[in-house]
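Predicted model only: the values in this text are computed from it and were never measured. Here is the naming used below: chain letters follow the sequence lines, and residue numbers restart at 1 for every chain.
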Amino acid sequence: MDIPSKYEPQKVENHWYDYWLQHNYFHSKPDDREPYTVVIPPPNVTGVLHMGHMLNNTIQDVLIRRARLMGKNACWVPGMDHASIATEAKVVAKLKEEGIAKSDLSREEFLKQAWDWKHKYGGVILEQLKKLGCSCDWERTAFTMDDDMSASVIKVFVDLFQKGLIYRGYRMVHWDPQAKTTLSDEEVIYEEKQGLLYYLSYPIAESKETVTIATTRPETILGDTAICINPKDERYAHLKGKKAVVPIAGRIIPIIEDDYVDIEFGTGCLKVTPAHDTNDKTLGEKHNLEIIDIFNDDASLNSHGLHYEGKDRFEVRKEIAKELEAGGFLVKTEPYINKVGTSERTKAVIEPRLSDQWFLKMEQLAQPALKAVLETQEVRLFPKKFENTYRHWMENIRDWNISRQLWWGQQIPAYYYGDGQNDFVVAETPEKALALANEALDGRGTKDRPLTLDDLKQDEDVLDTWFSSWLWPISVFNGILEPDNDEVKYYYPTNDLVTGPDIIFFWVARMIISGYEYRGERPFENVYFTGLVRDKQRRKMSKQLGNSPDALELIRSYGADGVRVGLLLSSAAGNDLMFDEDLCQQGKNFANKIWNGFRLLKGWEVADIPQPEASKLGIAWYGAKFQQALGEIENHFAKYRISDALMTIYKLVWDDYSSWLLEIIKPVYQQPIDRTSYEAVIALFEQNLKLLHPFMPFLTEEVWQHITERTPEEALIIAQWPKREAVDEKLIKGFEHASEVVSGIRTIRKEKNLPIKEALELSVLNAEKIDMDWDTVIAKLTHLSNISYVEAAAEGALSFRVKSNEYFIPISGVVNVEAEIKKINEELSYTKGFLQSVQKKLSNERFVNNAPQQVVALEKKKAADAEAKIATLEKSLANLE
RNA sequence: GGGCGCUUAGCUCAGUUGGUUUAGAGCACCUCGUUUACACCGAGGGGGUCGGGGGUUCGAAUCCCUCAGCGCCCACCA
């Protein structure tokens with residue numbers, strides 16, 4: 001045979017991917033069919049494929065390929081995210097290596113560098129997705145900074161501004177001193193860090209007294225503008241109205257009272273630094289305190305830091321602690337664990353900082369999105385548990401800080417004129433802005449000459465990356481700029497979104513919000529949250545730990561199909577996936593199993609001879625079994641239980657098809673197979689391939705194309721998903737019984753070392769003759785020369801029982817009577833125990849009266865079956881003794 | 001500090017509104033097998049008092065309470 005006995009994925013994967021591309025199967029355009037749309041969660045433009053992407057995109061591809069087979073117009077839109085802060089950080093780092101500081105470059109020069117970088121490294125990940133087999137419509141590849149995408153973002157900004165939902169405000173925001181930008185609340189990750197609680201003693205002005213306060217950040221005393229006590233705290237009553245002196249700075253600050261202060265915590269006395277703490281800011285506003293910002297934008301100290309000017313905050317913390325100690329201001333320190341906000345991207349410790357930023361009011365916008373998930377269920381989350389998380393965030397939603405002090409991204413379309421601070425207009429273009437500005441001046445009557453473009457200065461900041469990706473499902477179809485275009489009307493709303501729960505707020509919730517605001521309807525029907533991919537020891541996969549396998553290397557070793565199967569086999573939705581390469585091996589083994597099933601079929605010689613009865617039965621049974629599995633599979637898909645769907649197919653193909661059906665119809669060595677059976681089994685195999693294709697696209701297409709010559713129109717990728725038909729339960733039940741008989745015979749063969757070559761005889765003692773139909777199948781699978789139905793137990797034979805039937809295999813030589821008796825007794829005691837438990841139920845009047853009829857009937861049947869079996873067993877025992 | 005979720009065989013997990021055998025699957029494990037698709041295989045087999053305790057019920061892995069352990073999300077306590 002010229003077909004190799006092992007499937008070699010490396011040799012065929014590229015070929016079939018090119019074939020699919022060449023025939024444009026991935027491309028979609030609107031037509032009469034029902035659309036099925038998925039938009040990819042756009043990976044960062046600089047990203048490299050990791051296990052999370054592999055899982056995520058495999059699931060999307062499974063869904064897309066299945067939809068395609070089901071005759072839908074499947075459209076999977078790929079793309080990339082410009083990832084403002086992450087990309088800018090990378091470009092800055094690259095420039096630094098070349099000895100260039102970002103500040104050395106103009107905005108234009110820097111952006112040129114960034115675009116160069118994007119063109120050079122961007123999109124690597126998309127090429128990697130192709131290796132995985134992802135059937136994206138590559139012609140639609142979008143980038144969040146494409147001209148039309150950016151124009152959409154700007155249009156939305158202007159619109160929201162005009163609706164009064166975007167405002168500029170001087171507020172306490174999260175400052176990332178490394179990236180030198182503000183972040184949204186969601187971009188701050190709180191981490192527990194071991195630190196110290198410093199007890200500092202502040203002298204009271206014009207007295208010898210002191211007051212001790214506790215702080216985790218002694219360096220901020222330089223920005224202190226008050227000390228606060230709780231008015232109810234009697235310990236400090238004598239300090240009311242007095243003033244304190246800030247150590248080192250020597251500044252005199254008031255002692256104020258506010259019941260915000262927790263009497264129990266620390267010393268019950270709080271230092272107030274309005275510039276560097278949100279609560280202190282609130283206190284400051286309430287009590288009219290001075291605001292002293294002691295930091296530069298990189299979190300080194302400024303001139304308010306006195307002799308610490310220019311030094312980093314953490315260095316200052318150590319040094320000032322020493323100085324305070326030397327000056328006698330440090331009372332003591334104690335270890336203290338506190339939650340420190342860090343930047344999601346740069347990992348830098350966040351500083352609360354007051355600054356002018358742009359915000360989007362969320363409360364009103366969030367309402368339809370909240371309702372869609374929790375009330376109308378127009379958008380469904382899988383698994384459901386994320387609805388709680390979603391609800392909590394949406395109900396407590398806060399305004400979104402959308403401005404970033406970066407260059408890589410969409411520049412905020414606000415134009416300042418006049419004093420350059422408070423006078424600004426928001427417009428899509430400078431020209432429109434100019435017109436608006438002149439209008440504004442007219443209105444105020446301050447016009448001495450019309451402004452020109454040179455008088456306008458555009459806001460330096462760019463928008464948060466998520467402010468572009470929240471429009472993704474709409475903007476990829478140009479639905480913002482041309483809301484009535486055919487594409488968006490056809491493809492929107494999309495169907496499924498597959499993503500990680502880590503971006504439920506960043507992205508998912510906001511897309512739902514923008515969907516309702518800009519399309520008046522949901523952006524997608526279902527959201528499938530995958531889990532995190534972890535290693536065997538449950539550790540998160542990360543670059544630092546080096547525990548993340550190289551995705552492409554995995555594909556090389558196990559084949560894309562093997563890796564896909566490996567990933568999916570144990571990834572229940574929303575549960576973390578403990579990745580283990582053994583699973584890929586399992587996937588690879590499965591591919592090989594299917595391959596060899598194909599080899600077997602190809603090896604047969606076909607002849608026009610009568611169809612054996614066993615083959616006919618086997619084929620009919622498998623048809624029923626297939627339908628039964630198909631029903632389960634569709635059910636699993638409907639509930640997004642992708643892993644279970646795959647496992648069902650796995651068992652169907654491996655156990656039912658390969659181990660049972662093929663063995664039943666396999667012709668005797670070197671004999672031909674009858675044409676009827678051959679054609680039927682090919683057809684069944686092809687049905688299997690269809691079910692398998694979404695999971696193992698390469699292998700299945702390869703096999704499909706080799707079963708017989710196919711035109712491009714007959715490719716598997718666009719074949720028809722099997723149709724549901726009624727399941728013939730009788731066939732399934734009958735086969736179940738037959739297979740138990742087969743197992744019984746095989747067990748005896750094994751126990752007595754009877755080689756398969758040696759034909760056996762079987763006699764059956766039964767009342768119902770329920771398995772008579774299956775005689776041919778049983779005989780074929782276990783090599784029986786004869787099956788006879790008898791009225792009495794056979795002498796000198798080994799026996800086993802299935803239900804209430806007893807089976808005998810006469811063998812030459814001695815039958816170990818004792819062993820037989822022992823075996824029967826074990827079975828007997830089990831069955832009796834079982835019967836007892838059933839009878840206990842049945843003799844309970846309340847059970848019989850209260851339980852549903854069906855349940856009672858079932859119990860009665862169980863009892864009857866058990867009794868029949870006991871009778872059989874006892875008879876056998878009597879015969880032996 | 002608040003909220004949510006999890007705990008079932010060695011591992012990873014199913015177990016759908018309490019009632020189909022005295023709880024299932026895949027992998028792993030053990031035994032046997034160079035049978036003519038596949039040793040990336042076949043046949044057979046062992047393995048769980050469903051985290052502990054209490055309760056509701058005719059009946060609980062499934063509902064309630066409680067304890068323990070784990071995980072996630074949210075939150076301005078210096």
Each nucleotide in nucleotides 71-78 of chain B should get exactly one letter: B, S or -. Can you fill that in based on protein heavy atoms under 4.0 Å?
--SSBBBB
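The residues A:Glu219 and A:Arg317 are annotated as salt-bridged, a charged nitrogen and a carboxylate oxygen being separated by less than 4.0 angstrom. Between A:Arg391 and A:Glu387 there is no salt bridge, since no side-chain N of the basic residue sits under 4.0 Å from a carboxylate O of the acidic one. The existence of a salt bridge linking A:Arg749 and A:Glu758 is excluded, since no basic side-chain nitrogen approaches an acidic carboxylate oxygen closer than 4.0 Å. Using a 4.0 Å cut-off between charged nitrogen and carboxylate oxygen, A:Lys869 and A:Asp865 do not count as a salt-bridge pair.
Here the rule is ring pair (Phe, Tyr, Trp, His ring centres under 6.0 Å) with A:Phe505, and of A:Trp400, A:Tyr390, A:Trp393 only A:Trp393 fits it.
Nucleic acid contact class of A:Lys281 (heavy atoms, under 4.0 Å, all strands): none. Contact annotation for A:Tyr830: base contact, defined as any heavy-atom pair under 4.0 Å involving a base atom. No contact: A:Thr273 has no heavy atom under 4.0 Å from any strand. Residue A:Glu663 is in base contact, counting any heavy-atom pair closer than 4.0 Å across all strands shown.
With the nearest nucleotide of RNA chain B identified for both A:Asn635 and A:Val668, A:Asn635 has the one nearer the 5' end.
Side-chain atoms of A:Asn589 lie closest to B:rC40 of the nucleotides B:rC40, B:rG42, B:rU35.
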Within the sub-3.5 Å range, which N or O atoms of nucleotides 56-58 of chain B have a protein N or O partner, and how far apart are they?
{"residue": "B:rC58", "atom": "O2'", "partner": "A:Asn844", "partner atom": "ND2", "Å": "2.6"}

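Taking side-chain N and O atoms only, A:Trp654 has a distance below 4.0 Å to OP1 or OP2 of B:rG42.
Below the 3.5 angstrom threshold, one finds no donor paired with an acceptor across the side chain of A:Lys666 and the base of B:rU36.
The cationic atom of A:Lys339 (NZ for Lys, CZ for Arg) does not lie both less than 6.0 Å from the six-membered ring centre of A:Tyr190 and within 45° of the ring axis.
When both pairing distances are held under 3.5 Å, B:rA68 makes a Watson-Crick or G-U pair with B:rU7. Using the Watson-Crick or G-U wobble rule with both distances under 3.5 Å, B:rA14 pairs with nothing in any strand shown.
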